[in-house]
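All of these numbers come straight from a predicted model, not from anything done at the bench.
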Amino acid sequence: MKEYGESMNNPNLVLNAAWKLEDWKSVKNAFNLSSVVALAEIQLPDIQLMLYQIYAAIHEGRTKDVEKLNRQANQFILSTWQSLPSPLLSCSNKHVELLSMFQNIIELEESVKIMKDITMQTKKVLNPLANNAAFNFSLETIMSTWRNRLPNEWDTPSVWIDVLIWRSHMYKFVNQTFTSINQSIKKSNSSSSSSSSSSSPLDKKMKITTPLLNLSKLHDTQWTLIKLSSIVTSNTNNELSQHLINTLMQDTNATKKMVPAYQFQKMKNEMISKMNLPSELPKMISNINAIDLTTFEKWQRAELYVMKGKILEKMGLLSDSMKSYSAALSMDNNNDSAFSKLWIEWGQFYDRQLYNATKGTYSKNEQNEHCLGSCLSNAEGVKGAKGNEGDKGDGEIKKSLIIDYASSAMSTYLHALHCDSSPQTRLMLVRVLRLLRLAEDDQEGSKILDTFSTHVQATPSWCWIIWIPQLLQSLCRKESLIIFSILYKLCHLYPSSVYYSLRCYLLEQRGLKEKKTTTNGANGAKKGKKGKKGKKKQSYEYAEELMAYLRTTHSILAHETEIILNELITTFKPGPVEELLSAVLVLQEKLFQMCPEKISFSNFPS
């Protein structure tokens, strides 16, 4: 971007790129351009140019100029904010831009405070009576605040880059300054120890024991680069993420001293950024195998196994991939929320294989046969029994694959819900209900339903509340008995949540039943009576049974709810004029549908 800005004579691009690259010479040259000088001298200053000037002033140590520019920038941003409409009425991109600039100005003020403290500390470094505790506390407080004061997760990567790159510059400056101070202290201590014995013992002791500044808590450069790498990775900017990781790896000393948490996040970002590069996949597997996993926590080890499973899946090694997922989830799940995410990852693995099977792109190599186990062997047995009916046997294999993957995905999603009932995990229930639809294609009709009935018992009943309408629609399908048991529990525990949806569903089913009875006539009614003995319950019969139970066990609640509903129906019933207008609109829509080419829209009032 810097080279492009220089070729196009665009000083804004040059300034924006040069300060991030720490090319302060280019920044200074850009300030001397006529267009930038004219922009700085106008009555209404440019806030972005003021930020570049503050960056350069901090680098050169001109603290007084920085304070003056900060005051001007604050006044200009506040006046601009005041001229905009209230953010409560309409929050525009300009509001978001000004808020991010506010954060930049605040952090620049804190950067000046850090520089002043470092200057004071440098002057007192050789003073044996100097107290370093106050300075260290101030610096650690600011750095702790920077870690907690981050842009929003939904902000664009450019906002994160502006904030975190400036912080990395300040961390680099602090580390370099502290290193030079410690070198001065060591020289002072060595010179004092070799001085003549004519010095008093007290002075000699004070000079020798001048404390070194603690650098262990000031290495936030690693955290900043890794955090920025995570942000750009989540925005699928893999090239920039890899560049940041390479920048971090250039400092070999920092890499050796990297704490396990940073090392884990760095490896995770690196693997995500290279996931779509087939040539890098074997190298990543080798790197994971060479890691000493004992340095990580259990949930971190499990997540590395999951990443390994994803890489093996990309390589087409489904059997090894499933073993890696299994190894990840076989660890002790002390961190339920973390292991819940891993269960979801495994379920999504099965969903991807289900998609491949339904699209006919499933693999029939030895590893896939090994990974499917008995499912595929049974299907192969069917194929062998068919003899020459090869196509039909292949269809049986495909159906067996679909049922096996669907039941496995359902099992993992429900396991995730057993570990953690967070909102993100509860959303997986809608996928479980969708997978239940595949039970209609299962000729045996047992595998998917058995999996669902086994795991649903341990699922908290309240997790189903938001899916009550979907559960009611499932009463007409193969899983009706299991769904009925779930709704029965909900009627017992949460009657107010079920009543409205159940009442609407029951009225709808009664209307459909009456309509069907009137259209079929007397012959249809006789056939229905003959077939009732051998048929299972209908959906409206389940609904009536649930409503009867609810009104019996919670009679007061049902009575009060009916009174409220009657009042609502009476109060909000449309009047005669509204009914007439709605009838006219319905007739008009029918006319448009019957002969739209013969109707002129100009004849109708707007």
Side-chain angles (χ1 to χ4, degrees), residues 19-20 22 24 50-74 77 98-125 130-153 155 159-182 185 211-231 244 247-248 251 254 257-259 261-262 265:
W19 77 265
K20 295 174 182 175
E22 296 186 278
W24 301 108
M50 294 178 70
L51 286 176
Y52 298 147
Q53 291 174 343
I54 296 172
Y55 292 148
I58 291 176
H59 172 70
E60 295 173 3
R62 295 183 282 112
T63 56
K64 292 183 179 180
D65 293 342
V66 173
E67 292 175 354
K68 179 182 176 181
L69 290 169
N70 274 339
R71 286 195 298 269
Q72 294 177 358
N74 277 323
I77 293 175
L98 290 176
L99 287 174
S100 63
M101 287 182 177
F102 269 126
Q103 180 171 355
N104 290 334
I105 293 296
I106 290 172
E107 297 201 357
L108 291 174
E109 292 176 355
E110 292 170 343
S111 300
V112 174
K113 185 178 179 181
I114 290 174
M115 292 184 65
K116 287 182 177 180
D117 289 342
I118 288 179
T119 303
M120 294 174 59
Q121 188 69 14
T122 305
K123 292 178 180 178
K124 299 188 298 182
V125 66
N131 186 8
N132 299 327
F135 170 71
N136 285 336
F137 176 77
S138 174
L139 183 60
E140 291 175 12
T141 302
I142 292 175
M143 291 188 172
S144 176
T145 303
W146 281 3
R147 282 205 181 192
N148 296 323
R149 188 176 62 215
L150 295 171
N152 298 309
E153 293 181 358
D155 284 333
V159 176
W160 285 85
I161 289 172
D162 289 345
V163 172
L164 295 182
I165 285 186
W166 174 252
R167 291 182 183 179
S168 67
H169 292 346
M170 287 304 301
Y171 295 147
K172 184 178 180 181
F173 168 74
V174 171
N175 285 326
Q176 289 176 351
T177 306
F178 271 42
T179 303
S180 62
I181 291 174
N182 282 340
I185 292 174
L212 295 175
L213 298 177
N214 185 13
L215 287 170
S216 61
K217 298 181 180 180
L218 303 178
H219 291 166
D220 281 15
T221 305
Q222 300 172 3
W223 180 88
T224 303
L225 292 176
I226 291 171
K227 184 67 177 178
L228 186 56
S229 173
S230 301
I231 294 299
L244 293 168
T247 303
L248 183 62
D251 189 355
K257 298 177 182 178
M258 190 179 295
V259 297
Y262 295 171
Q265 192 62 43

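- M115 has its side chain within reach of F173: a pair of non-hydrogen atoms, C-beta onward, lies under 4.5 Å apart.
- With sequence neighbours excluded, no residue forms a salt bridge (charged side-chain N to carboxylate O under 4.0 Å, His left out) with E109.
- Taking each heavy atom of S230 and Q265 in turn, the nearest pair found is OG-NE2, 3.2 Å.
- With a 4.5 Å cut-off on side-chain heavy atoms, R167 and V163 count as touching.
- Remark: I231 engages W160, N235 in a side chain to side chain contact (heavy atoms under 4.5 Å, CB included) (not counting sequence neighbours).
- The backbone N or O of E107 lies less than 3.5 Å from a partner atom in the side chain of S111, making a donor-acceptor pair.
- Side-chain contact between I105 and I54 is present, with heavy atoms from C-beta onward closer than 4.5 Å.
- With contacts defined as side-chain heavy-atom distances shorter than 4.5 Å, the pair L164/L150 qualifies.
- Side-chain atoms of E22 and K172, non-hydrogen and from C-beta on, do get closer than 4.5 Å to each other.
- Remark: K113 does not engage E67 in a salt bridge, criterion side-chain N to carboxylate O under 4.0 Å.
- L51 is listed as a side-chain neighbour of L108, based on a closest heavy-atom distance under 4.5 Å.
- In this structure, N74 contributes its side chain and N70 its backbone to a donor-acceptor pair below 3.5 Å.
- The ring pair (Phe, Tyr, Trp, His ring centres under 6.0 Å) test applied to W166 returns Y55, not counting sequence neighbours.
- Counted by atom type alone, W146 and E110 present one or more donor-acceptor pairs between their side chains at under 3.5 Å.
- Here CD1 of I58 is found 8.5 Å from CH2 of W24. Values are rounded to the nearest 0.5 Å.
- A distance-only check finds a donor-acceptor pair linking the side chain of H169 to the backbone of W19 [under 3.5 Å].
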Q: For side chain to side chain contact (heavy atoms under 4.5 Å, CB included), just list the numbers for D162 and K20, CA-CA rounded to whole Å, side-chain angles, deciding distance to a tenth of an Å, and then say yes or no.
A: CA-CA 8 Å; D162 289 345; K20 295 174 182 175; 3.2 Å; yes
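- Using a 4.5 Å heavy-atom cutoff, the side chains of R149 and I106 are in contact.
- Distance alone, capped at 3.5 Å, places no donor-acceptor pair between the D65 side chain and the R62 backbone.
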